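Computed from a prediction, not measured in an experiment: that's the story for all the values here. Protein chains get the first letters and strands the later ones, always in sequence-line order, with residue 1 at the start of each.
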There are 2 protein chains.
Amino acid sequence: MDIKNLVKQQVRGICPYRPGKPIAVLLKEKGLERAFKLASNENPLGSSPLALKAIKEGLSQLNRYPEGSGPALREKLAKVYGIKPEEIILGNGSSEVLSLSLLTFLNPGEEVILPEPTFTIYEILVLMCCGIPVKVPLNPDFSYNPNRIAKAITGKTKFLFLASPNNPTGTIIKKNELTKLLDELPKQVIVVLDEAYAEYVESPDFVDGISLFSGKHLLVARTFSKLYGLAGLRIGYGIASAGIIEEMNKIRPPFNTTIPSQLAASAALEDREFVARSLENNRTGKKYLYRGLSDLKIAYVPTEANFILIDLAKNAPKICGRLEDKGVIVRPVDNPMMKERYIRLTIGTPEENTLFLKSLAEILRYK
Amino acid sequence: MDIKNLVKQQVRGICPYRPGKPIAVLLKEKGLERAFKLASNENPLGSSPLALKAIKEGLSQLNRYPEGSGPALREKLAKVYGIKPEEIILGNGSSEVLSLSLLTFLNPGEEVILPEPTFTIYEILVLMCCGIPVKVPLNPDFSYNPNRIAKAITGKTKFLFLASPNNPTGTIIKKNELTKLLDELPKQVIVVLDEAYAEYVESPDFVDGISLFSGKHLLVARTFSKLYGLAGLRIGYGIASAGIIEEMNKIRPPFNTTIPSQLAASAALEDREFVARSLENNRTGKKYLYRGLSDLKIAYVPTEANFILIDLAKNAPKICGRLEDKGVIVRPVDNPMMKERYIRLTIGTPEENTLFLKSLAEILRYK
């Protein structure tokens with residue numbers, strides 16, 4: 001019997017997630033001496049130095065299992081946000097927090113509303129959990145359309161996923177839109193709010209889900225991968241009422257985050273200097289790239305995150321390839337409706353931003 | 001609406017896995033100055049020194065996402081076993097490999113045969129995937145009973161889980177039993193063979209699943225947590241035909257293992273000195289503990305792993321508590337049929353083994 005016939009129906013059609021190309025892979029492919037990656041929304045300044053120090057100091061205990069729920073890190077996070085440790089769950093990246101929520105609450109055949117376009121992992125997770133993804137398009141300017149979301153709710157809806165800022169668009173759901181949705185949704189709907197990029201937001205219209213979750217069926221997901229520069233350690237967390245977290249803990253793998261990850265995240269939370277420097281780099285880089293793109297007459301979607309969705313109008317995959325020839329890795333957009341027009345650019349260091357604009361200008365001029 | 005009513009049926013009754021107590025927690029609880037942990041089958045000699053060196057050398061890249069599938073580590077493993085990298089999948093601990101297999105292949109309502117007693121995580125994973133656990137008791141001496149397993153197969157059976165050596169019994173499935181089962185099982189049944197402790201086996205009756213998987217519906221799970229002393233890094237792997245691995249990769253979280261974990265595991269694989277020393281410590285510790293237990297007239301189950309199931313006849317939980325008073329953490333057995341009689345002891349350093357026997361003798365004499 002062919003193994004493909006044993007795969008469960010929902011998984012058969014899944015196309016695996018394609019990550020950004022690692023620098024080492026590009027160097028080898030193209031025989032380049034130098035390349036930089038603006039494809040995966042990583043922190044271009046590296047990792048929090050305090051985090052790296054904490055890893056070194058904890059090396060002697062790696063033969064031991066981690067404390068499963070990460071009590072020290074959860075206590076520290078609870079203090080930062082003025083909430084309780086029982087309202088926090090750690091994940092092997094924030095995406096594990098999302099999958100644990102589905103695995104706890106989603107019955108096979110129930111529906112999950114997803115914005116469109118958004119982070120492609122969500123749909124894979126829903127299918128993996130035998131749920132039905134229901135895609136609700138954003139507006140043409142990539143802002144959320146709460147009315148359309150409300151209309152998509154049925155008796156079978158169990159989850160609404162929102163990302164704010166959304167990936168790959170960099171757009172947020174506004175405070176009044178989110179609070180209205182939370183108030184009006186039927187009680188069987190759990191809202192998962194992915195705030196992986198929340199720390200970068202500058203808009204006054206934004207609201208932090210952590211200020212809203214109390215008493216609601218709302219799970220907020222956050223990560224140490226972006227602002228804290230710890231993508232390689234896979235550590236994120238979810239915040240929700242203690243009742244929701246308690247249920248998710250029934251199926252949380254007992255040791256889902258590593259010792260170095262827990263130690264590094266705890267230390268990074270206190271590294272104010274690194275956080276301030278990272279935020280400042282993002283703010284100035286964003287302005288610089290906006291100006292440079294405008295000078296090149298290239299449209300972009302104003303962003304609240306550490307990346308910019310750039311509208312090249314056409315030939316985006318070809319231009320991505322040409323950028324790679326020059327040692328610049330950016331991200332084509334997976335969505336079939338967008339992939340010819342758009343690329344997603346991570347805001348880099350000043351040097352990387354300059355080189356990106358220079359390379360893009362050369363390509364567009366000589367294409 | 002109470003959140004409990006939104007939890008899916010299969011998850012409602014799950015009792016979360018209880019891990020062994022961390023040393024730091026016991027020290028605090030009892031006000032002790034010194035304690036040791038023989039509860040979680042960790043490597044008592046620490047971690048492979050080459051692994052720790054590799055982590056230090058890789059600290060500068062932690063702001064980057066890991067290479068998702070871990071190509072460097074998979075290539076190294078492929079060489080070690082004489083198989084192909086496409087026949088290997090990495091997991092956030094070997095338990096993630098098990099859960100990925102269920103999430104890929106198990107339809108809601110299908111049955112999974114589990115030995116009884118065995119590692120309690122299996123049942124939680126099956127319930128999480130909306131499957132039906134079907135428990136098949138081991139023989140009274142904790143050896144496998146292949147006839148009973150064969151009889152438990154129905155048209156709804158999708159998986160057979162076997163652990164060899166089994167946890168908490170330390171017993172193996174014999175070569176002729178396993179090959180017969182693999183030959184005779186209906187083709188819709190996938191065998192998951194958990195070999196977390198395989199490297200410690202001394203019995204000539206053992207067969208390594210890695211020599212058997214080709215052309216079969218067999219997934220072998222291995223870990224770096226035990227022999228290589230990397231429990232705190234959460235890294236394991238699965239080996240199966242490329243077709244099985246390809247399907248599991250559709251839902252594998254794209255960055256499921258951390259950069260330090262991949263680097264450490266790669267280095268540990270080549271640390272022959274540490275491996276040899278760890279195996280020697282286990283062999284001599286096992287003999288020493290067998291002799292010591294016999295002297296105390298205490299029964300035990302002969303083991304093929306790095307732990308021993310000890311039959312105290314009665315009062316096991318109370319004796320565990322008394323051992324903790326003396327700074328010795330061992331593992332009560334979760335299974336309700338066994339918990340009054342048995343404790344599971346990790347084979348420690350010579351000093352730890354001596355202190356365990358001394359503490360146990362004192363408790364039994366004065367109880």
Interatomic distance, [X] atom [atom1] to [Y] atom [atom2] [nearest 0.5 angstrom]:
| X | Y | atom1 | atom2 | value |
| --- | --- | --- | --- | --- |
| A:Arg64 | B:Leu230 | CZ | CG | 13.0 Å |
| B:Lys53 | A:Leu59 | NZ | CG | 13.0 Å |
| A:Asn256 | B:Asn256 | CG | CG | 12.5 Å |
| B:Ile3 | A:Ile245 | CD1 | CD1 | 10.0 Å |
| A:Tyr65 | B:Asn41 | OH | CG | 7.5 Å |
| B:Leu125 | A:Leu103 | CG | CG | 10.0 Å |

Please rank [options] by heavy-atom pairs under 4.5 Å with chain B and give me the top one.
| options | result |
| --- | --- |
| A:Ser60, A:Pro22, A:Gly46 | A:Gly46 |
| A:Gln61, A:Lys226, A:Glu96 | A:Lys226 |
| A:Ser225, A:Gly243, A:Ala231, A:Ser241 | A:Ala231 |
| A:Gln188, A:Gln262, A:Gln10, A:Lys56 | A:Gln188 |
| A:Glu67, A:His217, A:Glu110 | A:His217 |

Are any non-hydrogen side-chain atoms of [X] and [Y] less than 4.5 angstrom apart?
| X | Y | value |
| --- | --- | --- |
| A:Pro253 | B:Asn92 | no |
| B:Glu246 | A:Lys4 | yes |
| B:Cys130 | A:Pro108 | yes |

Shorter than 4.5 Å, heavy atoms on both sides: which option in [options] has the most such pairs with chain A?
| options | result |
| --- | --- |
| B:Arg12, B:Glu247, B:Lys187, B:Arg252 | B:Glu247 |
| B:Thr104, B:Ile190, B:Ile23, B:Asn107 | B:Thr104 |
| B:Asn5, B:Val7, B:Val11 | B:Val7 |

Region of [X] that comes under 4.5 Å of a non-hydrogen atom in chain A:
| X | answer |
| --- | --- |
| B:Lys21 | neither |
| B:Leu6 | both |
| B:Ser261 | side chain |
| B:Ser40 | both |
| B:Ile121 | side chain |

Whether A:Lys250 side chain and B:Tyr17 backbone form a donor-acceptor pair below 3.5 Å: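 No, A:Lys250 side chain to B:Tyr17 backbone: no donor-acceptor pair under 3.5 Å.
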Between B:Arg234 and A:Phe255, is there a donor-acceptor pair closer than 3.5 Å when you use the side chain of the first and the backbone of the second?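 It does hold such a pair.
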In a check of side chain to side chain contact (heavy atoms under 4.5 Å, CB included) between A:Leu233 and each of B:Asn63, B:Ile259, B:Leu62, which one passes?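 When side chain to side chain contact (heavy atoms under 4.5 Å, CB included) is applied between A:Leu233 and each of B:Asn63, B:Ile259, B:Leu62, only B:Leu62 qualifies.
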So what's closer than 4.5 Å to chain B heavy atoms on A:Ile244: side chain, backbone, both or neither?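 Interface part for A:Ile244: both.
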